[in-house]
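Have a look at the structure below before the remarks.
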Amino acid sequence: MVLATQLLDWYDKNSRDLPWRKDNDAYKVWVSEIMLQQTRVEVVKDYYTRWMERFPTLEALAQTSEQEVLTYWQGLGYYNRARNLLSGVREVCAEYGGKVPDNAPAIQKLPGVGEYTAGAIASIAYNRPSPAIDGNVLRIFSRLFCLEEDITKQATKRKIDRLIRDHMSVERPGDFNQALMDLGSMVCIPQRPRCQLCPLATLCEAQARDVQDVLPVRTPKKAPLHIKLAAGIVIQSSSLLITQRPATGMLAGMWEFPTVELAEDDSTSERLKTRIKSDLQQEVCVGKRLFHYIHTFSHRKWDISFYQCQWLAGNTISFPAHWLGLSELDTVPWAGPHRKVATVLGEQFTQEL
DNA sequence: AATTCGGGGCG
DNA sequence: CGCCCAGAATT
(Lines give C-alpha, C1' and ligand atoms only; values in the text may rest on other atoms or scores of the structure.)
Protein backbone atom coordinates (compact mmCIF):
# COMPACT_ATOMS: atom_id res chain seq x y z
CA MET A 1 0.00 0.00 0.00
CA VAL A 2 2.07 2.86 -1.25
CA LEU A 3 -0.56 5.43 -0.28
CA ALA A 4 -0.63 4.35 3.38
CA THR A 5 3.16 4.11 3.56
CA GLN A 6 3.75 7.61 2.17
CA LEU A 7 1.00 9.05 4.34
CA LEU A 8 2.29 7.45 7.56
CA ASP A 9 5.89 8.43 6.83
CA TRP A 10 4.71 12.01 6.49
CA TYR A 11 2.58 11.71 9.64
CA ASP A 12 5.52 10.44 11.69
CA LYS A 13 7.38 13.67 10.92
CA ASN A 14 4.53 16.17 10.82
CA SER A 15 1.77 15.08 13.17
CA ARG A 16 0.21 17.81 15.29
CA ASP A 17 0.71 17.74 19.03
CA LEU A 18 -2.87 17.82 20.33
CA PRO A 19 -4.15 17.53 23.92
CA TRP A 20 -6.24 14.42 23.15
CA ARG A 21 -3.34 12.58 21.54
CA LYS A 22 -1.42 12.03 24.77
CA ASP A 23 -2.92 8.57 25.08
CA ASN A 24 -5.55 6.48 23.31
CA ASP A 25 -7.99 6.08 26.19
CA ALA A 26 -11.40 5.41 24.63
CA TYR A 27 -13.24 7.92 26.84
CA LYS A 28 -10.80 10.68 25.91
CA VAL A 29 -10.95 9.81 22.23
CA TRP A 30 -14.74 9.81 22.46
CA VAL A 31 -14.93 13.24 24.09
CA SER A 32 -12.49 14.76 21.62
CA GLU A 33 -14.28 13.31 18.61
CA ILE A 34 -17.66 14.61 19.76
CA MET A 35 -16.24 18.07 20.43
CA LEU A 36 -14.56 18.07 17.03
CA GLN A 37 -17.78 17.40 15.12
CA GLN A 38 -18.21 20.44 12.86
CA THR A 39 -15.85 22.37 15.11
CA ARG A 40 -12.31 23.61 14.55
CA VAL A 41 -9.37 22.13 16.36
CA GLU A 42 -8.19 25.48 17.74
CA VAL A 43 -11.56 26.06 19.40
CA VAL A 44 -11.76 22.57 20.87
CA LYS A 45 -8.32 22.59 22.54
CA ASP A 46 -9.31 24.75 25.53
CA TYR A 47 -12.75 23.18 25.92
CA TYR A 48 -11.19 19.72 25.92
CA THR A 49 -8.59 20.64 28.53
CA ARG A 50 -11.13 22.22 30.87
CA TRP A 51 -13.44 19.25 30.33
CA MET A 52 -10.80 16.70 31.33
CA GLU A 53 -9.92 18.67 34.44
CA ARG A 54 -13.56 18.61 35.53
CA PHE A 55 -14.55 15.19 34.11
CA PRO A 56 -11.31 13.15 34.08
CA THR A 57 -13.06 9.81 33.79
CA LEU A 58 -16.15 8.34 32.20
CA GLU A 59 -17.57 7.67 35.66
CA ALA A 60 -17.05 11.27 36.77
CA LEU A 61 -19.00 12.53 33.77
CA ALA A 62 -21.78 9.99 34.22
CA GLN A 63 -22.51 11.37 37.69
CA THR A 64 -22.87 14.99 36.52
CA SER A 65 -26.11 16.88 35.92
CA GLU A 66 -27.07 17.88 32.41
CA GLN A 67 -27.11 21.56 33.34
CA GLU A 68 -23.52 21.47 34.55
CA VAL A 69 -22.44 19.53 31.49
CA LEU A 70 -24.09 22.15 29.28
CA THR A 71 -22.28 24.88 31.19
CA TYR A 72 -18.94 23.31 30.27
CA TRP A 73 -20.12 23.00 26.68
CA GLN A 74 -21.54 26.51 26.31
CA GLY A 75 -20.06 28.37 23.36
CA LEU A 76 -19.15 25.19 21.49
CA GLY A 77 -22.54 24.87 19.80
CA TYR A 78 -24.64 21.86 18.77
CA TYR A 79 -25.67 21.27 22.37
CA ASN A 80 -27.29 17.92 21.65
CA ARG A 81 -23.73 16.65 21.36
CA ALA A 82 -23.26 17.29 25.08
CA ARG A 83 -26.60 15.76 26.02
CA ASN A 84 -25.93 12.68 23.91
CA LEU A 85 -22.41 12.31 25.26
CA LEU A 86 -23.76 12.40 28.81
CA SER A 87 -26.45 9.79 28.14
CA GLY A 88 -23.88 7.77 26.20
CA VAL A 89 -21.42 7.51 29.09
CA ARG A 90 -24.29 6.68 31.43
CA GLU A 91 -25.27 3.91 29.04
CA VAL A 92 -21.70 2.58 28.99
CA CYS A 93 -21.66 2.55 32.80
CA ALA A 94 -24.98 0.75 32.98
CA GLU A 95 -24.69 -1.65 30.05
CA TYR A 96 -20.96 -2.20 29.50
CA GLY A 97 -19.54 -2.01 33.02
CA GLY A 98 -17.91 1.35 32.31
CA LYS A 99 -15.85 0.13 29.36
CA VAL A 100 -16.45 1.65 25.93
CA PRO A 101 -17.28 -1.07 23.36
CA ASP A 102 -14.27 -1.99 21.22
CA ASN A 103 -15.70 -2.21 17.72
CA ALA A 104 -17.30 0.31 15.37
CA PRO A 105 -20.78 -1.26 15.03
CA ALA A 106 -21.23 -1.43 18.83
CA ILE A 107 -19.81 2.06 19.36
CA GLN A 108 -22.16 3.48 16.76
CA LYS A 109 -25.15 2.34 18.78
CA LEU A 110 -24.27 4.96 21.41
CA PRO A 111 -26.26 8.21 21.19
CA GLY A 112 -24.55 10.97 19.25
CA VAL A 113 -22.12 8.53 17.63
CA GLY A 114 -22.51 8.15 13.89
CA GLU A 115 -20.47 6.37 11.28
CA TYR A 116 -17.57 8.79 11.39
CA THR A 117 -17.17 8.95 15.17
CA ALA A 118 -17.58 5.19 15.59
CA GLY A 119 -14.80 4.60 13.07
CA ALA A 120 -12.56 7.19 14.71
CA ILE A 121 -12.95 5.71 18.21
CA ALA A 122 -12.59 2.11 17.01
CA SER A 123 -9.45 2.86 15.01
CA ILE A 124 -7.71 5.25 17.43
CA ALA A 125 -8.60 3.61 20.75
CA TYR A 126 -8.74 -0.04 19.66
CA ASN A 127 -6.66 -0.20 16.48
CA ARG A 128 -9.57 -1.47 14.39
CA PRO A 129 -9.35 -0.97 10.61
CA SER A 130 -12.48 1.18 10.43
CA PRO A 131 -12.65 4.20 8.12
CA ALA A 132 -13.46 7.58 9.69
CA ILE A 133 -14.86 9.68 6.89
CA ASP A 134 -15.22 13.35 7.70
CA GLY A 135 -15.00 16.51 5.62
CA ASN A 136 -11.21 16.25 5.40
CA VAL A 137 -11.29 12.71 4.11
CA LEU A 138 -14.03 13.48 1.57
CA ARG A 139 -11.99 16.41 0.29
CA ILE A 140 -8.70 14.48 0.13
CA PHE A 141 -10.14 11.49 -1.67
CA SER A 142 -12.25 13.53 -4.06
CA ARG A 143 -8.97 15.13 -5.13
CA LEU A 144 -6.83 11.99 -5.03
CA PHE A 145 -9.20 10.14 -7.36
CA CYS A 146 -10.61 13.18 -9.10
CA LEU A 147 -14.20 12.45 -8.06
CA GLU A 148 -16.52 15.07 -9.46
CA GLU A 149 -19.61 13.85 -7.64
CA ASP A 150 -21.19 16.00 -4.92
CA ILE A 151 -19.42 14.96 -1.69
CA THR A 152 -22.57 15.62 0.36
CA LYS A 153 -24.33 12.75 -1.44
CA GLN A 154 -24.46 9.39 0.28
CA ALA A 155 -23.41 7.55 -2.89
CA THR A 156 -20.17 9.53 -2.98
CA LYS A 157 -19.50 8.69 0.64
CA ARG A 158 -20.00 4.97 -0.02
CA LYS A 159 -17.60 5.16 -2.93
CA ILE A 160 -14.94 6.81 -0.76
CA ASP A 161 -15.54 4.29 2.03
CA ARG A 162 -14.63 1.54 -0.46
CA LEU A 163 -11.50 3.40 -1.59
CA ILE A 164 -10.35 3.86 2.00
CA ARG A 165 -10.86 0.22 2.91
CA ASP A 166 -8.74 -0.64 -0.12
CA HIS A 167 -5.95 1.73 0.81
CA MET A 168 -5.82 2.02 4.58
CA SER A 169 -3.05 0.62 6.79
CA VAL A 170 -4.08 -2.51 8.69
CA GLU A 171 -1.11 -2.12 11.04
CA ARG A 172 -1.82 1.46 12.05
CA PRO A 173 -5.46 2.27 11.20
CA GLY A 174 -5.75 4.90 13.96
CA ASP A 175 -2.68 6.74 12.77
CA PHE A 176 -3.85 6.38 9.17
CA ASN A 177 -7.14 8.10 10.00
CA GLN A 178 -5.49 10.81 12.07
CA ALA A 179 -2.90 11.37 9.36
CA LEU A 180 -5.72 12.16 6.94
CA MET A 181 -7.05 14.74 9.43
CA ASP A 182 -3.67 16.40 9.69
CA LEU A 183 -3.13 16.31 5.95
CA GLY A 184 -6.57 17.85 5.44
CA SER A 185 -5.93 20.63 7.92
CA MET A 186 -2.36 21.52 6.95
CA VAL A 187 -1.83 20.50 3.31
CA CYS A 188 -4.95 19.40 1.45
CA ILE A 189 -6.87 22.43 2.74
CA PRO A 190 -10.17 23.62 1.22
CA GLN A 191 -8.78 26.67 -0.58
CA ARG A 192 -5.47 26.74 -2.42
CA PRO A 193 -4.16 23.32 -1.34
CA ARG A 194 -0.40 23.20 -0.72
CA CYS A 195 0.38 20.43 -3.19
CA GLN A 196 4.13 21.14 -3.07
CA LEU A 197 4.13 19.87 0.52
CA CYS A 198 1.88 16.86 -0.09
CA PRO A 199 3.26 13.36 0.49
CA LEU A 200 0.58 12.02 -1.86
CA ALA A 201 1.11 14.50 -4.69
CA THR A 202 2.53 11.88 -7.02
CA LEU A 203 -0.62 9.79 -6.54
CA CYS A 204 -3.09 12.66 -6.89
CA GLU A 205 -5.28 12.66 -9.95
CA ALA A 206 -6.52 16.21 -9.35
CA GLN A 207 -2.94 17.47 -9.06
CA ALA A 208 -2.04 15.72 -12.31
CA ARG A 209 -4.94 17.42 -14.09
CA ASP A 210 -4.48 20.70 -12.20
CA VAL A 211 -8.09 20.70 -10.99
CA GLN A 212 -7.36 20.59 -7.23
CA ASP A 213 -8.77 24.11 -6.84
CA VAL A 214 -12.25 23.19 -8.11
CA LEU A 215 -12.59 20.01 -6.01
CA PRO A 216 -14.44 18.87 -4.04
CA VAL A 217 -17.87 19.65 -5.48
CA ARG A 218 -20.66 20.21 -2.97
CA THR A 219 -24.18 21.64 -3.11
CA PRO A 220 -24.51 25.20 -1.79
CA LYS A 221 -26.32 25.72 1.50
CA LYS A 222 -29.61 27.51 1.97
CA ALA A 223 -29.64 31.10 3.18
CA PRO A 224 -30.50 31.43 6.90
CA LEU A 225 -34.02 32.45 7.91
CA HIS A 226 -34.18 36.00 9.27
CA ILE A 227 -35.82 36.45 12.68
CA LYS A 228 -36.34 39.66 14.63
CA LEU A 229 -36.36 39.40 18.43
CA ALA A 230 -36.69 41.65 21.46
CA ALA A 231 -35.41 40.71 24.91
CA GLY A 232 -36.06 42.36 28.27
CA ILE A 233 -33.37 43.03 30.83
CA VAL A 234 -34.80 43.14 34.35
CA ILE A 235 -32.39 43.77 37.21
CA GLN A 236 -33.52 43.70 40.81
CA SER A 237 -31.53 43.21 44.01
CA SER A 238 -28.34 42.47 42.04
CA SER A 239 -30.10 39.70 40.12
CA LEU A 240 -31.14 39.18 36.51
CA LEU A 241 -34.48 37.78 35.45
CA ILE A 242 -33.95 34.85 33.08
CA THR A 243 -36.06 32.11 31.52
CA GLN A 244 -35.20 28.64 30.30
CA ARG A 245 -35.74 27.66 26.67
CA PRO A 246 -37.92 24.63 25.87
CA ALA A 247 -36.44 21.14 26.27
CA THR A 248 -36.48 20.57 22.51
CA GLY A 249 -35.42 22.62 19.52
CA MET A 250 -32.62 25.10 19.11
CA LEU A 251 -30.54 25.88 22.23
CA ALA A 252 -32.76 23.49 24.18
CA GLY A 253 -32.79 23.95 27.95
CA MET A 254 -30.47 26.94 27.87
CA TRP A 255 -31.14 30.25 29.58
CA GLU A 256 -31.90 33.67 28.18
CA PHE A 257 -33.49 37.01 28.96
CA PRO A 258 -37.27 36.93 28.43
CA THR A 259 -37.61 37.17 24.68
CA VAL A 260 -40.32 37.70 22.10
CA GLU A 261 -40.28 37.12 18.38
CA LEU A 262 -41.48 40.22 16.60
CA ALA A 263 -44.06 40.16 13.84
CA GLU A 264 -44.04 42.65 11.00
CA ASP A 265 -46.77 44.84 12.37
CA ASP A 266 -46.28 45.10 16.11
CA SER A 267 -44.38 47.45 18.31
CA THR A 268 -41.30 46.13 20.06
CA SER A 269 -42.10 47.55 23.47
CA GLU A 270 -45.75 46.45 23.44
CA ARG A 271 -44.93 42.86 22.49
CA LEU A 272 -42.14 42.67 25.02
CA LYS A 273 -44.36 44.09 27.74
CA THR A 274 -47.14 41.65 26.92
CA ARG A 275 -44.80 38.68 26.98
CA ILE A 276 -43.25 39.54 30.30
CA LYS A 277 -46.64 40.24 31.81
CA SER A 278 -48.13 36.94 30.69
CA ASP A 279 -45.09 34.88 31.61
CA LEU A 280 -44.33 36.47 34.89
CA GLN A 281 -47.58 38.08 35.92
CA GLN A 282 -45.77 41.34 36.32
CA GLU A 283 -46.33 44.91 35.31
CA VAL A 284 -43.34 46.19 33.43
CA CYS A 285 -42.15 49.37 31.82
CA VAL A 286 -39.95 48.98 28.78
CA GLY A 287 -37.09 51.47 28.68
CA LYS A 288 -34.36 52.18 26.21
CA ARG A 289 -32.47 49.72 24.04
CA LEU A 290 -29.18 48.75 25.68
CA PHE A 291 -27.75 46.20 23.22
CA HIS A 292 -28.29 45.13 19.65
CA TYR A 293 -26.81 42.08 17.95
CA ILE A 294 -27.06 40.34 14.61
CA HIS A 295 -26.25 36.73 15.45
CA THR A 296 -25.99 34.33 12.53
CA PHE A 297 -26.41 30.60 13.04
CA SER A 298 -25.99 28.11 10.23
CA HIS A 299 -29.71 28.17 9.44
CA ARG A 300 -31.06 31.23 11.27
CA LYS A 301 -30.20 34.88 11.62
CA TRP A 302 -31.27 36.61 14.83
CA ASP A 303 -31.70 40.36 14.85
CA ILE A 304 -32.05 40.80 18.59
CA SER A 305 -32.47 43.98 20.66
CA PHE A 306 -32.14 44.06 24.44
CA TYR A 307 -34.30 46.59 26.29
CA GLN A 308 -33.97 47.77 29.85
CA CYS A 309 -37.14 46.99 31.80
CA GLN A 310 -38.47 48.03 35.19
CA TRP A 311 -40.98 46.53 37.59
CA LEU A 312 -44.06 48.49 38.38
CA ALA A 313 -45.83 46.11 40.73
CA GLY A 314 -46.26 42.54 41.92
CA ASN A 315 -43.73 39.86 42.71
CA THR A 316 -45.07 36.55 41.43
CA ILE A 317 -42.90 34.55 39.04
CA SER A 318 -44.23 31.51 37.22
CA PHE A 319 -41.95 28.63 36.24
CA PRO A 320 -39.48 28.41 34.52
CA ALA A 321 -38.29 31.96 35.17
CA HIS A 322 -35.52 32.51 37.69
CA TRP A 323 -33.52 35.21 39.35
CA LEU A 324 -29.82 34.79 38.75
CA GLY A 325 -27.32 36.74 40.83
CA LEU A 326 -25.01 39.01 38.84
CA SER A 327 -22.02 37.35 40.49
CA GLU A 328 -23.04 33.82 39.45
CA LEU A 329 -23.62 34.25 35.74
CA ASP A 330 -21.33 31.36 34.85
CA THR A 331 -23.43 28.80 36.69
CA VAL A 332 -26.03 28.39 33.94
CA PRO A 333 -25.67 27.67 30.21
CA TRP A 334 -26.59 30.79 28.21
CA ALA A 335 -28.31 30.84 24.84
CA GLY A 336 -26.23 32.40 22.09
CA PRO A 337 -25.93 36.20 22.16
CA HIS A 338 -27.60 36.40 25.58
CA ARG A 339 -24.31 35.30 27.07
CA LYS A 340 -22.53 38.36 25.69
CA VAL A 341 -25.10 40.67 27.29
CA ALA A 342 -24.94 38.82 30.61
CA THR A 343 -21.17 39.07 30.59
CA VAL A 344 -21.23 42.82 30.03
CA LEU A 345 -23.82 43.31 32.78
CA GLY A 346 -21.77 41.14 35.11
CA GLU A 347 -18.65 43.19 34.45
CA GLN A 348 -20.51 46.44 35.08
CA PHE A 349 -21.81 45.02 38.34
CA THR A 350 -18.34 43.93 39.43
CA GLN A 351 -16.90 47.37 38.76
CA GLU A 352 -19.58 49.04 40.83
CA LEU A 353 -18.55 47.12 43.93
C1' DA B 1 -32.98 12.60 0.73
C1' DA B 2 -33.61 16.82 2.97
C1' DT B 3 -33.67 19.54 7.46
C1' DT B 4 -32.36 20.76 11.78
C1' DC B 5 -29.23 21.38 15.00
C1' DG B 6 -23.95 26.73 16.77
C1' DG B 7 -20.36 29.12 16.52
C1' DG B 8 -16.10 30.93 15.02
C1' DG B 9 -12.16 32.10 11.97
C1' DC B 10 -10.41 33.41 7.78
C1' DG B 11 -9.67 35.47 3.07
C1' DC C 1 -19.89 38.93 3.75
C1' DG C 2 -19.28 33.78 1.99
C1' DC C 3 -17.18 29.58 3.09
C1' DC C 4 -16.39 25.58 5.80
C1' DC C 5 -15.15 23.04 9.71
C1' DA C 6 -12.67 15.60 13.03
C1' DG C 7 -21.38 15.10 11.77
C1' DA C 8 -25.64 13.03 13.83
C1' DA C 9 -30.53 12.70 14.47
C1' DT C 10 -34.87 13.49 12.80
C1' DT C 11 -38.41 13.76 9.40
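Below, each value reflects all heavy atoms present in this structure, side chains not excepted, and no hydrogens, waters or symmetry copies. Please read these numbers as outputs of a predicted model, since none were measured by experiment. By convention in this document, chain letters (A, B, ...) are assigned in the order of the sequence lines, proteins followed by strands, and residues within each chain are numbered from 1.
No donor-acceptor contact under 3.5 angstrom links the side chains of A/Ser15 and A/Asp182, judged on distance only. Between the side chains of A/Arg16 and A/Gln178, no donor-acceptor pair is found at a separation under 3.5 Å.
The salt bridge (Lys or Arg N to Asp or Glu O under 4.0 Å) test applied to A/Arg339 returns no partner, not counting sequence neighbours. Qualifying side-chain contact (heavy atoms from CB on, under 4.5 Å) partners for A/Asp134, counting only residues two or more places apart in sequence or in other chains: A/Tyr116, A/Asn136, A/Val137, A/Met181.
Shown for residues 70-85 of chain A: residues whose heavy atoms fall under 4.0 angstrom of DNA chain B, namely A/Gly75, A/Leu76, A/Gly77, A/Tyr78, A/Tyr79. Contacts between residues 149-160 of chain A and DNA chain B, defined by a heavy-atom separation below 4.0 Å, involve A/Lys153, A/Gln154, listed by number.
The nucleotide whose nearest atom lies closest to any side-chain atom of A/Ser298 is, among B/dG6, C/dC5, C/dA6, B/dG6. Comparing C/dA6, B/dG7, C/dC4 by their nearest atom to the side chain of A/Arg218 picks out C/dC4.
One donor-acceptor pair, N or O on each side, does fall under 3.5 Å between the base of B/dG6 and the side chain of A/Thr39. For C/dA6, its base sits under 3.5 Å from the side chain of A/Arg16 at one donor and acceptor pair at least.
When the side chains of ILVMFWY residues are joined at heavy-atom separations under 4.5 Å, either directly or via intervening members, A/Leu85 and A/Tyr78 end up in two distinct hydrophobic clusters. A single hydrophobic cluster is not seen to contain both A/Leu18 and A/Trp10; linkage of ILVMFWY side chains at heavy-atom distances under 4.5 Å, directly or through other members, places them apart.
Clustering of Ile, Leu, Val, Met, Phe, Trp and Tyr side chains at separations under 4.5 Å places A/Val214 together with A/Val211, A/Leu215, A/Val217.
Among the protein residues, A/Val113 comes within range of the sugar-phosphate backbone only, with heavy atoms under 4.0 Å from sugar or phosphate atoms but none that close to a base. Residue contacts for A/Trp20: at a heavy-atom cut-off of 4.0 Å it reaches a base atom on one of the strands shown. No contact: A/Arg245 has no heavy atom under 4.0 Å from any strand.
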What N/O pairs connect the protein and nucleotides 9-11 of chain B at under 3.5 Å? Give each pair on its own line.
none

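The cationic group of A/Arg50 lies under 6.0 Å from the six-membered ring centre of A/Tyr47 and within 45° of the ring axis, placing it in a cation-pi geometry.
When the P atom is compared between C/dT11 and B/dG6, the two are found 15 Å apart, to the nearest whole Å.
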